[in-house]
Structures are given as C-alpha cells and as structure tokens.
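Only one structure is covered here, and it is reproduced in the block below.
FYI, the numbering just counts along the sequence from 1.
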Amino acid sequence: MDEIQVLDKRFKRYISHQQIQEAVARMAAEIDRELYGKQPLFLGILNGVFVFASDLFKMVQSPSRISFVKMASYLGTETTGTVHQLIGLQESLNGEHVVILEDIIDSGLTVSKLLDHLTKQNTASVRIATLFFKPDAFKGDYSIDHIGIEIPDKFVVGYGLDYNGYGRNLRDLYVISDE
Ligand code: IMP
Ligand code: MG
C-alpha cells in the first residue's frame with residue numbers, strides 16, 4: 001500500500017524495506033571495518049531502535065555485544081527545564097568500544113544527553129550510528145560516524161519509528177502527507 005493511515009494522519013510510502021536493508025548492510029560493513037577485533041559494545045536507544053538494531057546486529061561479523069538504554073525526559077522545575085534521565089545501563093563501559101545506535105537523529109538532543117553520561121565513563125572509544133538523519137533539523141555539536149539515509153525535516157513512521165506508539169511494525173518507511 002502506498003498511502004496509509006496511522007491514527008488521525010495520512011502517510012505515503014517513502015523508503016522501501018529493500019533500500020533500508022541496503023543502508024543497514026553498508027553501515028554494518030563500515031562498523032566491521034572500523035572496529036573488527038575490538039569487540040564493540042552496541043548501545044541502542046529504545047524504543048524506536050529495536051528493529052534497526054536487530055537487523056544491523058545480525059549483519060555485523062565482528063564478535064560484539066548489544067545492550068539497550070532509554071532516555072526518559074520529563075519536565076523538571078522551571079529553572080531546570082526538561083530533565084533527561086538515563087535508564088537501563090547496568091554494565092560498566094570502562095575500556096569499551098561503544099557504538100551508540102539510534103533509529104533517527106532529528107534535533108540531536110537525545111544522543112547529546114547520552115553522550116553527557118558516557119563522557120563520565122572511561123570508554124575506549126564512542127561512535128554514533130543512526131539509520132535516518134534529518135540534517136536540516138540537527139543542532140548537535142558532535143559528528144555522526146555512520147549515517148544510513150538522510151531525509152528531509154518531515155515526520156516519518158515505520159521500521160521501528162512511531163506516531164503516538166503506532167506504525168512501528170510497518171516494513172517500509174512512510175512520510176507524513178502534506179495537509
Ligand atoms: P532528537 O533528540 O530530536 O534527535 O530526536 C530523537 C528521537 O525523536 C528519535 O529517537 C525518535 O524517537 C524521535 N523522532 C524524531 N523524529 C522522528 C520522526 O520523524 N518520526 C518518529 N520519531 C521521531
Ligand atoms: Mg528514538
């Protein structure tokens with residue numbers, strides 16, 4: 001289906017599952033080239049990343065491990081603004097070659113908050129890999145090591161990405177229809 005409805009919004013098919021798989025395979029090969037033999041520790045940021053992380057992890061050849069974290073954001077007091085809390089990091093990252101996995105980097109804030117936590121740990125290296133990237137929305141001051149597909153600053157769903165919880169199970173990526 002080329003046009004779908006998720007809750008109250010219409011979406012158009014935008015990037016096929018096949019194109020996504022090709023991008024993921026290229027990223028896995030890049031990561032293997034950079035980190036082969038260094039036993040990378042993938043750190044996926046939930047929830048949206050689980051589909052991408054699962055496909056990428058199966059394509060990586062280097063012996064590696066994977067773990068997941070969640071960045072919970074809630075409104076703090078007026079002076080502190082939004083507070084971002086890191087949930088789920090059990091293991092020490094001491095000496096680890098960490099590869100942060102994101103489904104999509106938009107403003108870049110989520111990854112920047114995770115990086116704040118990681119700089120307090122004694123990691124051997126930290127790389128960032130995102131399947132989708134919105135360059136026109138990005139406000140981060142860090143560089144992204146592995147990018148799957150650049151997209152315009154429009155809302156997308158599918159392949160793990162959601163609209164109010166729905167749409168994650170779509171195999172392709174869909175972009176919101178212009179009203
Ligand atoms: P950032 O912190 O602005 O980079 O946004 C990161 C998070 O916002 C992503 O991990 C997604 O969960 C969510 N997000 C950003 N853009 C989209 C989108 O177009 N569709 C669905 N979720 C999105
Ligand atoms: Mg996300």
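Two residues are said to be in side-chain contact when any heavy atoms from C-beta on lie closer than 4.5 Å; Phe138 and Asp106 fail this criterion. Two residues are said to be in side-chain contact when any heavy atoms from C-beta on lie closer than 4.5 Å; Asn164 and Val6 fail this criterion. Between Phe42 and Ile31, the closest side-chain pair of non-hydrogen atoms falls below 4.5 Å. Taking 4.5 Å as the limit, some side-chain heavy atom of Met71 sits within range of a side-chain heavy atom of Ile45. With contacts defined as side-chain heavy-atom distances shorter than 4.5 Å, the pair Leu93/Leu89 qualifies. In this structure the side chain of Lys134 never reaches within 4.5 angstrom of the side chain of Glu150, judged on heavy atoms. Inter-residue side-chain proximity for Ile20 and Asp172 is flagged as unmet; no heavy-atom pair is nearer than 4.5 Å. The closest side-chain heavy-atom distance from Asn47 to Lys70 is below 4.5 Å.
In the hydrophobic clustering of ILVMFWY residues, with side-chain heavy atoms under 4.5 Å counting as a link, Leu86 and Leu109 come out apart. Leu7 and Val157 fall within a single hydrophobic cluster, where Ile, Leu, Val, Met, Phe, Trp and Tyr side chains are chained together by heavy-atom contacts under 4.5 Å.
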Thr123 and Asn94: CA distance, side-chain angles, deciding distance, side-chain contact (heavy atoms from CB on, under 4.5 Å) verdict:
CA-CA 5 Å; Thr123 53; Asn94 195 7; over 6 Å; no
Take Leu35 and Ser62 through the side-chain contact (heavy atoms from CB on, under 4.5 Å) test and state the conclusion after the steps.
CA-CA 8 Å; Leu35 291 176; Ser62 177; 5.6 Å; no
Worked check of side-chain contact (heavy atoms from CB on, under 4.5 Å) between Ile151 and Val156:
CA-CA 9 Å; Ile151 61 170; Val156 289; 3.9 Å; yes
Steps toward side chain to side chain donor-acceptor pair (under 3.5 Å) verdict (Asp8, Tyr163)
CA-CA 10 Å; Asp8 61 336; Tyr163 168 48; 2.6 Å; yes
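Heavy atoms only, all atoms of each residue included: Pro40 and Pro63 are closest at CD-O, 3.7 Å. Listed here is the closest heavy atom pair of Gly108 and Tyr142: O-OH, 2.6 Å. When every heavy atom of Ser64 is checked against every heavy atom of Val60, the shortest pair comes out as OG-CG1, 3.9 Å. Of all heavy-atom pairs between Gly158 and Leu173, the closest is O-CD1, 3.8 Å. Between Met59 and Ala28, the shortest heavy-atom distance links the atoms CB-CB, 3.6 Å. Between Ala129 and Val99, the shortest heavy-atom distance links the atoms CB-CG1, 4.1 Å.
In this structure, the side chain of Gln19 engages the main chain of Ser16 through a donor-acceptor pair within 3.5 Å. Counting only distance, with no hydrogens or angles, the side chain of His146 and the backbone of Met27 share no donor-acceptor pair below 3.5 Å. Looking only at distances, no side-chain donor or acceptor of Asp103 sits under 3.5 Å from a matching main-chain atom of Leu161. A donor-acceptor contact shorter than 3.5 Å is absent between the side chain of Asp136 and the backbone of Pro152. Not one N or O on the side chain of Thr130 forms a donor-acceptor pair closer than 3.5 Å with the backbone of Phe133. A donor-acceptor pair under 3.5 Å is formed between the side chain of Asp145 and the backbone N or O of Ile128.
To the nearest 0.5 Å, atoms CG (Leu118) and CD1 (Ile100) are separated by 5.0 Å. For the atom pair CG (Leu170) and CZ (Phe11), the distance works out to 9.0 Å, reported to the nearest 0.5 Å. From Glu96, atom CD reaches atom CD of Gln39 across 8.5 Å, with rounding to the nearest 0.5 Å. The distance from atom CD of Glu34 to atom CZ of Arg127, rounded to the nearest 0.5 Å, is 4.0 Å.
Annotation for Phe155: atom CZ counts as buried by contact number, over 12 foreign heavy atoms lying within 6.0 Å. Heavy-atom neighbours of Arg65 CZ from other residues, nucleotides or ligands within 6.0 Å: above the threshold of 12.
For Glu91 and Ser67, the side-chain atoms include at least one donor-acceptor pair closer than 3.5 Å.
Between Glu30 and Arg26 a salt bridge is recorded (basic side-chain N to carboxylate O distance below 4.0 Å). Salt-bridge annotation for Arg13 and Glu3: absent, with no side-chain N of the basic residue lying under 4.0 Å from a carboxylate O of the acidic one.
Sequence neighbours left out, the pairs with a member in residues 151-162 that pass side chain to side chain donor-acceptor pair (under 3.5 Å) are Asp55-Tyr159, Asp162-Arg168.
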